[in-house]
Amino acid sequence: MQLLLIHSDYIEYETKKRTPVAEEIDPAMKSSRMEEVLTAFVAVESYDEADPIATAENAADEIRKLAGQVKTERIMLYPYAHLSSELAKPVVAVDVLKKLEETLSRDYEVKRAPFGWYKAFKVSCKGHPLSELSRTIRVGTEGKGEKEGRDEIVSEALKSEEKAISHWHVLTLDGELLPIEDFDFKEHPILLSFAEYETSKSRAVDKIPPHVELMRRLELADYEPGSDSGNMRFYPKGTLIKRLLEAHVLDTVGGMGAVEVETPVMYDVNHPTLKKYLDRFPARQYSIESDKRSFFLRFAACFGQFLMNHDMTISHRNLPLKMVEMTRYSFRREQHGELVGLRRLRAFTMPDMHTLCADMDHAIDEFKDQYTMCMKMLADIGLEDDYEVAIRFTRDFYTENQDFIKELVGIVGKPALIELWDSRFFYFVIKFEFNYIDALKKASALSTVQIDVENAERYDIKYIDKNGTEQRPTILHCSPSGAIERCIYALLEKAHLTSKAGGVPSLPTWLSPTQVRLIPVAERHIGYAGEVTAAMNDIRADIDDRDETVGKRVRAAGREWIPYVVVIGDKELESGVLSVTIRSESRKVEETAQELRSRVIAEIAEMPYRQINLPVLLSKRPVFFG
RNA sequence: GCCGCUGUGGCUUAGCUCGGUAAAGCGGCUGAUUCGUAAUCAGCAGAUCGUGGGUUCGAAUCCCACCGGCGGCUCCA
């Protein structure tokens, strides 16, 4: 919206002739005059269609501010199309103007000139410094015009979340639902940290997150100053780790019947179905303007998959129907203060799977399966005992499904934090998350599954049952690993904790960018090292052929957390037996190249493999960081 | 978004209080060295001191604004 504000001695107008978009008016509006008045010329623009109400509210705030400064009690709203070349549809414009009039009428004497008429007018400007001002009102974008902050899209869900009342409990292994203050946390210190974090009791910490330093030192990822905050760059080693994690998630859900799809990253804010969904999802969006349409960037794959489901013909024989997408990226415009390293990003990679189930009973069965699958997923990633469970649901759902919920605690074998809502604020009736708690006692959700009881209806998704009649499926949302970047964050934080406790920090072998490092003692051993890597071409082996002492190169391999380090000299050249240092056990073994290769292959067993993502010779590698 | 702290070669930092030719280590490059499990020696290159304004004869240093980062608050699908 464009505003031109004139502090006037008087404004008067007289309607002359209607245009094709003219609104119907009563005789009183045909001509008018106000004195000692703030005249507001208004052009409602196409961008404002994304959120007419917020636009009107923001504009009203701006007008109030100036009215206060120039100490006037009267306001004339005057539609003035010529302030913009990107006008809104007339219907929307009239709505916004009426809303603006209504809002301001509470505190001021307000008149509104009719929309869509040719009018003769006279205005007298007072001419003092504040008497002429223009303002651009933009909802959902920042830094345009003089308005900053507070004019972002805040969805209804985000607003209702502020009002939602949570009841906190712990569900014990005995199936007891205890109020949080009655639970004895003595045996469960991390669950206590998690509970405190969630309920915001204490969070006194003043350290830099360890993973931020590690992600750079290990040349995995870094901030990208050329982009928006929270949009990271990934170096080759970080990219490799990401691809491996992604592959493992896709393989796992593929194994349980999910089919992989791809959907667009941006959607029209004015699409009626999407608009309603936005209002039920508590996240802030990036919005972008293209020609005259406004789009938002997706924060998950729900939109694309549901729109696809809507157009599909689905039989009960196809259920449960699973579709998955590795969203590169999901975008969420998090508040600045919440962004840290790889923990919380504005652009992130997340596996997003949706399962259409025949009804709630089937959904509950599937939920259980996926819950178990998520446990295995985190164990595979290397976070087996490193998460706490949160289960959140509505009171109604609990009443009807107590046994099911108790079973979940039994499966994971430890008490869970429970959040209970009196009524349903979101699209789901139950969700769980597995949360990683880091050294700074901050909690981050990884795996999650939710049972959605709203979107089948909203997107008009249906299947045909045995009797040939249409039914609404119940939909599960599942992210088996949570955001991929966040998994890397958790692994780095975990390694840091290990190191602080006196252990050897490391990544799981299947995720290590280099699995075997060969260190030729002298130049004449490089050729043989090359033969050894050739014999190990299905694991990631590389050669530190730099002209440095053995000691220095061994140290470098240690700083890279490489699981197996081999020094190759005359002895190995003659015997064909290698001296292998096993990082995790801090000991040396004598093995042939084939034995070492088999050891690594056995260790990464069912996990995905990709070839090394840098030159095998370290002398050929550029330095990405430090 | 708000409050506080912070920003100096690729990296880590010194210099800033009290304005006067930007210093070191690591890394990189070149050469020597061909070395047996956590840092070999020598030399060289590399900095519009976050950006933009201001004060001053003179600004990395003082002032203002903005932009990143970190911590806290808020919040977390």
Side-chain angles (χ1 to χ4, degrees), chain A residues 142-143 148-152 154-155 157-158 161-162 197-198 200 202-209 212-213 216-217 219 222-230 277-278 280-285 299-300 302 330 332-341 343-345 348 350 352 390 392 419 425-428 431 433 435 440 442-445 448-450 452 477 479 482-483 486 504 517 519-526 544-560 565-573 579-581 583 586-588 619 621-626:
Chain A
E142 283 178 274
E148 300 246 341
R150 89 192 146 106
D151 54 351
E152 64 189 19
V154 177
S155 75
L158 210 54
E161 189 174 299
E162 285 161 13
Y197 181 81
E198 284 288 317
S200 290
S202 115
R203 241 175 278 171
V205 164
D206 56 347
K207 276 184 280 180
I208 296 167
V212 173
E213 194 211 324
R216 305 167 91 173
R217 210 205 74 211
E219 292 192 314
D222 205 347
Y223 295 111
E224 175 48 76
S227 180
D228 187 23
S229 312
Y277 186 42
L278 275 181
R280 292 297 269 177
F281 199 99
R284 295 170 179 82
Q285 279 73 56
F299 35 81
C302 307
S330 289
R332 300 186 188 182
R333 220 180 55 106
E334 306 292 0
Q335 297 182 86
H336 249 106
E338 331 179 54
L339 301 167
V340 209
R343 186 168 96 90
R344 198 171 191 77
L345 299 171
F348 58 97
M350 180 180 67
D352 199 2
R392 306 169 202 253
E419 183 173 10
F425 292 96
F426 312 112
Y427 54 81
F428 52 85
K431 66 173 291 200
E433 315 123 33
N435 288 270
L440 277 48
K442 291 188 175 268
S444 304
T448 182
V449 178
Q450 310 160 359
D452 175 346
H477 299 237
S479 188
R486 190 173 273 188
V504 184
R517 165 72 43 87
I519 300 178
V521 171
E523 253 174 61
R524 64 176 178 281
H525 307 120
I526 294 177
D544 192 345
D545 61 331
R546 293 173 303 178
D547 180 17
E548 296 291 350
T549 58
V550 172
K552 184 162 184 179
R553 286 176 290 161
V554 166
R555 176 180 149 84
R559 279 176 61 82
E560 277 190 64
V565 177
V566 179
V567 175
I568 292 185
D570 290 336
K571 207 177 81 189
E572 287 72 21
L573 219 140
S579 156
V580 181
T581 303
R583 178 178 177 78
S586 301
R587 71 186 179 100
K588 271 189 272 188
S619 63
R621 289 184 191 175
V623 174
F624 289 89
F625 181 89

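Below, chain A is the first sequence line, B the second, and so on; all start at residue 1.
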Check: Which sits closer to the 5' end of RNA chain B, A/Gly341 or A/Ser619, going by the nucleotide each is nearest to?
Finding: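 Per heavy-atom nearest nucleotide, the more 5' residue is A/Ser619.
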Notebook entry, point to check: Which sits closer to the 5' end of RNA chain B, A/Ala522 or A/Thr549, going by the nucleotide each is nearest to?
Noted result: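 Checking each residue's closest nucleotide, the 5'-ward one belongs to A/Ala522.
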Using the [atom1] atoms only, state how far [M] lies from [N], rounded to an integer number of Å.
| N | M | atom1 | value |
| --- | --- | --- | --- |
| B/C73 | B/G28 | C1' | 43 Å |
| B/G1 | B/C44 | P | 48 Å |
| B/G43 | B/A24 | P | 12 Å |
| B/C18 | B/A22 | P | 22 Å |
| B/A59 | B/G50 | P | 15 Å |
| B/U37 | B/G46 | P | 38 Å |
| B/U6 | B/U17 | P | 14 Å |
| B/A23 | B/C16 | P | 15 Å |

With both distances kept under 3.5 Å, what pairs with [N], Watson-Crick or G-U wobble?
| N | value |
| --- | --- |
| B/G19 | none |
| B/G10 | B/C26 |
| B/G4 | B/C70 |
| B/A59 | none |
| B/C75 | none |
| B/A32 | B/U40 |
| B/A47 | none |

Can you check the [X] [atom1] to [N] [atom2] distance for me, whole Å?
| X | N | atom1 | atom2 | value |
| --- | --- | --- | --- | --- |
| A/Glu338 | B/C75 | CD | P | 10 Å |
| A/Leu339 | B/U74 | CG | P | 17 Å |
| A/Asp222 | B/G68 | CG | C1' | 12 Å |
| A/Arg546 | B/G28 | CZ | P | 6 Å |
| A/Arg621 | B/G27 | CZ | P | 17 Å |
| A/Arg216 | B/C11 | CZ | C1' | 9 Å |
| A/Arg343 | B/C75 | CZ | P | 14 Å |
| A/Gln285 | B/C75 | CD | P | 19 Å |

Check whether [X] reaches the backbone of [Y] with its side chain - one donor and one acceptor, N or O, closer than 3.5 Å.
| X | Y | answer |
| --- | --- | --- |
| A/His525 | A/Asp570 | yes |
| A/Arg486 | A/Ala445 | yes |
| A/Arg517 | A/Glu560 | no |
| A/Arg344 | A/Glu334 | no |

Next item on the list: Name all residues meeting the side-chain contact (heavy atoms from CB on, under 4.5 Å) criterion together with A/Leu345; count only those two or more places apart in sequence or in a different chain, and write none if there are none.
Entry: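 Applying side-chain contact (heavy atoms from CB on, under 4.5 Å) to A/Leu345 gives A/Met232, A/Phe348, A/Glu485.
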Check: Does any donor-acceptor pair link the side chain of A/Ser579 with the base of B/U37 at a separation under 3.5 Å?
Finding: yes
Note to self: I'd like to know if A/Glu572 reaches the base of B/G36 with its side chain such that a donor and an acceptor end up less than 3.5 angstrom apart.
What the structure shows: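 Looking at the base of B/G36, it does pair with a donor or acceptor on the side chain of A/Glu572 (distance under 3.5 Å).
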Give the nucleotide from the list [options] with an atom nearest to the side chain of [X].
| X | options | value |
| --- | --- | --- |
| A/Ser229 | B/G28, B/G69, B/U37 | B/G69 |
| A/Asp547 | B/C70, B/A32, B/G28 | B/A32 |
| A/Asp570 | B/C70, B/G36, B/A38 | B/G36 |
| A/Glu548 | B/U40, B/U74, B/A38 | B/U40 |
| A/Phe625 | B/U37, B/G27, B/C11 | B/C11 |
| A/Tyr197 | B/C75, B/U37, B/C11 | B/C75 |
| A/Glu523 | B/U34, B/U74, B/G36 | B/U34 |
| A/Lys588 | B/U37, B/G69, B/G27 | B/U37 |

Margin query: Between A/Ser479 and A/Asp352, does the side-chain hydrogen bond (donor to acceptor under 3.5 Å, both in side chains) criterion hold? Intermediate values first, please.
Written below: CA-CA 5 Å; A/Ser479 188; A/Asp352 199 2; 5.9 Å; no
Next item on the list: Answer yes or no: is there an ion pair linking A/Arg553 with A/Glu548, defined by an N-O contact shorter than 4.0 Å?
Entry: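 Between A/Glu548 and A/Arg553 there is no salt bridge, as every charged N stays at least 4.0 Å from the carboxylate O atoms.
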Notebook entry, point to check: Any luck finding a side-chain donor-acceptor pair between A/Gln450 and A/Asp452 under 3.5 Å?
Noted result: no
Note to self: Under a 3.5 Å cutoff, is there a donor and acceptor pairing between the side chains of A/Ser444 and A/Arg343?
What the structure shows: yes
What contact category does [X] fall into here, base, sugar-phosphate, or nothing, at under 4.0 angstrom with non-hydrogen atoms?
| X | value |
| --- | --- |
| A/Val565 | nothing |
| A/Glu224 | nothing |
| A/Lys571 | base |
| A/Gly569 | base |
| A/Val550 | sugar-phosphate |

Check: Are any of A/Lys552's side-chain N or O atoms less than 4.0 Å away from OP1 or OP2 of B/U34?
Finding: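 Looking at the OP1 and OP2 atoms of B/U34, neither is under 4.0 Å from any side-chain N or O of A/Lys552.
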Notebook entry, point to check: Reckon A/Arg524 has a side-chain N or O less than 4.0 Å from the OP1 or OP2 of B/C35?
Noted result: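 The answer is yes; a side-chain N or O of A/Arg524 sits under 4.0 Å from OP1 or OP2.
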